[in-house]
2 protein chains.
Amino acid sequence: MKDVARLAGVSPMTVSRVVSGEPGVAPATAAKVGQAVRALGYQRNDNARHLRRKSPGTATIGLLVDDLANPFYARMARSVEDEAHRRGCLVLIGSTHDEPRREREVVAAFTARQVDGLILVPTAAGHGFLRGPAHAGTPVVCVDRPAPGLAVDTVTVDNRAGARRAVTHLLAHGHTRVAYLGDRVGIWTQGQRCAGYLDALTARGIPEDPALIRHGLRTGDQARAALAGLRALPDPPTALFTSNDLITLGVLDDLDHPAPLAVVGFDDLPLAERLTPPLTVISQDPLALGGAAAGLLFSRIAGDTSAPRSVVLETRLVERGSGELRRA
Amino acid sequence: MKDVARLAGVSPMTVSRVVSGEPGVAPATAAKVGQAVRALGYQRNDNARHLRRKSPGTATIGLLVDDLANPFYARMARSVEDEAHRRGCLVLIGSTHDEPRREREVVAAFTARQVDGLILVPTAAGHGFLRGPAHAGTPVVCVDRPAPGLAVDTVTVDNRAGARRAVTHLLAHGHTRVAYLGDRVGIWTQGQRCAGYLDALTARGIPEDPALIRHGLRTGDQARAALAGLRALPDPPTALFTSNDLITLGVLDDLDHPAPLAVVGFDDLPLAERLTPPLTVISQDPLALGGAAAGLLFSRIAGDTSAPRSVVLETRLVERGSGELRRA
DNA sequence: CTGAAAGCGCTAACAC
DNA sequence: GTGTTAGCGCTTTCAG
């Protein structure tokens, strides 16, 4: 900046004013400065700028998701970045890979960079560290899952209602033996979906049968094995509710034999309508999740200090065939 | 920091040393400082730190892709972030949505934040702005497509060889009328894939038939319409090479009627093996792309000033059925 | 309308 | 081992 000032024959202060588009500079002076800027290829150092400026922070937010490669979070990230871009804000990104340690590290690195706010898909573990004085003043929005014991804005989808809807749909097609296949119940979304499954049974007066409930399925293969187990029961299910896409895919190949099973999955899949059978799913809208989270965060950044809000988005039942199979 | 110093009864300099883990501080002093840090919830301001430190820049890189929501770029981003994290580096992210203006804006914002380097999926348009003095000293790596006229490191996949392989595969199954369905040839990857298609024909001595070549298909519906046109020819094709996944999906439903067509697509799809027919594809490895780009960038950042390098990754032919249909 | 001085939070370089 | 001084690149504040 000093170089530009020298070349333009003005003081650094004037260069600052021109570069920042502040009023009160003679057009002629501004032009000279502009030329010097272009001649030298000068670019303002925004880090230094934000160091001195008190006004709007650093115009940077942090986004920390479980895994960027997951299309669900990728779409969320996209809409967060779009919202940030509309507001002239940059986005620092990170993946936790569900490791609380990595989460803590990255959050620390983000706040050390003076981000104006944080959008976070919390890992399962405790988030006491976010409550410390280090984070006072940095607004946080949790998205996709809440952070237990952390009083911050949260955007989730109504997993429980969605699961209930799925299972109710199956019951409406005459099924009475509906199995639940899920990942670990400790995962918040899974717990919610299982609760929704039970809600639906209860509403119909169908007693819960522990033999039909399988938790902790972490891979497609495990799901497949679980299904085999279910089919070996004396009174096997005629329908399945699969609680995430990995599990849905795992059972897909074994739906027809020996007896056809109806299935509704939670989470939409890219090509669900082209599978055989076309998959009926409960679908979520990751773009809306990201958009809502960004909206909340920016209103906090703008100074909104009201009580923490909880936004819950609805899911959608998409009927494509696999869930409309009537009981044999 | 001054507050911490006061509370610990030492000078700010000592706090700095402790917080930065520098040697040469008495353990007792370090302990006192540590307590004060925790009591106040102090966190170092890394922006200010990097302002003064000359050593390793800001430990931040910029990643600019076409669209974060695209699973291909999402996976690339994930591996870039992983590599960056391994090196204690943060990642600023952005989407261009293929708009050169947005690309320029975001690149400018990144460099204004003093990123140590840039990984870029260049838009189609010119990149003269990257050559200006403003970017001297900020290493850039282009990934997925080259930036015409820009002498920087580039990581791409061998689109041409992949396409050639796909078409050769179809020819080997007895087909002589193989059609090409692609997006605008002006898009670099599409141009390469079309060239590969022609290579394969030439190698077999099969003359190119313009009636079998369709460019500019931007949607699945357009691809479908193009296929209808091909089928109406007096001498219709018996096999297709589809040059991206959108096009592949577009034609998928019309492969069997009136006559069965063999097809090989460029780009793998998540559930390709579960479609009917299971899809034979040329698959790329976005994680490897991202990893290679990050590797190159970090070696540049570390001071490698050798001539710009071009890394070209191979594709893989994945045979699943749709491409192994013999000529009727 | 423009410039000089001071300082944002931190660390390099040197003194003690 | 620890403190002092100066200054990173910019903007605030106030004086001309």
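Within every chain, numbering begins at 1; the chains are lettered A, B, ... in the order of the sequence lines, protein sequences first and strands thereafter.
- Using modelled atom types, one side-chain atom of A:H50 and one backbone atom of A:D46 make a donor-acceptor pair closer than 3.5 Å.
- Judged by distance alone, the side chains of A:D304 and A:S306 do bring a donor and an acceptor atom under 3.5 Å apart.
- For B:V25 and A:K2, each mapped to the nucleotide of DNA chain D holding its nearest heavy atom, the one lying further toward the 5' end belongs to B:V25.
- There is no side-chain donor-acceptor pair under 3.5 Å between B:T305 and B:R300.
- Overall, the helix from C:dC1-D:dG16 to C:dC16-D:dG1 carries an axis bend of 30° between its ends, with five pairs at each end and the value rounded to 10°.
- Between the side chains of A:Q43 and B:T111, at least one donor-acceptor pair of N or O atoms lies under 3.5 Å.
- Looking only at atom types and distance, the side chain of B:R49 has a donor-acceptor partner in the side chain of B:S20 under 3.5 Å away.
- The backbone N or O of A:S95 lies less than 3.5 Å from a partner atom in the side chain of A:R102, making a donor-acceptor pair.
- Closest non-hydrogen pair, A:I301 versus A:D116, comes out as CG1-O, 3.5 Å.
- Formation of a donor-acceptor pair under 3.5 Å by the A:R145 side chain with backbone atoms of A:T156 is not found in this model.
- Of the two residues contacting DNA chain C, namely B:N45 and B:R17, the nearest-nucleotide position lying further toward the 5' end is that of B:N45.
- Scanning DNA chain D 5' to 3' for nucleotides with an atom closer than 4.0 angstrom to a non-hydrogen atom of chain B gives a first and last hit of D:dG1 to D:dG9.
- With A:D153 contributing its side chain and A:P308 its backbone, the two residues share no donor-acceptor pair below 3.5 Å.
- The residue from A:N45, A:T58, A:T60 that alone fulfils the side-chain hydrogen bond (donor to acceptor under 3.5 Å, both in side chains) condition with B:R113 is A:T60.
- Protein chain A contacts DNA chain C over a range whose 5' and 3' limits, counting nucleotides with an atom under 4.0 angstrom from a non-hydrogen atom, are C:dC1 to C:dG9.
- Position along DNA chain D of the nearest nucleotide to B:T29 versus A:R49 favours B:T29 as the more 5'-ward residue.
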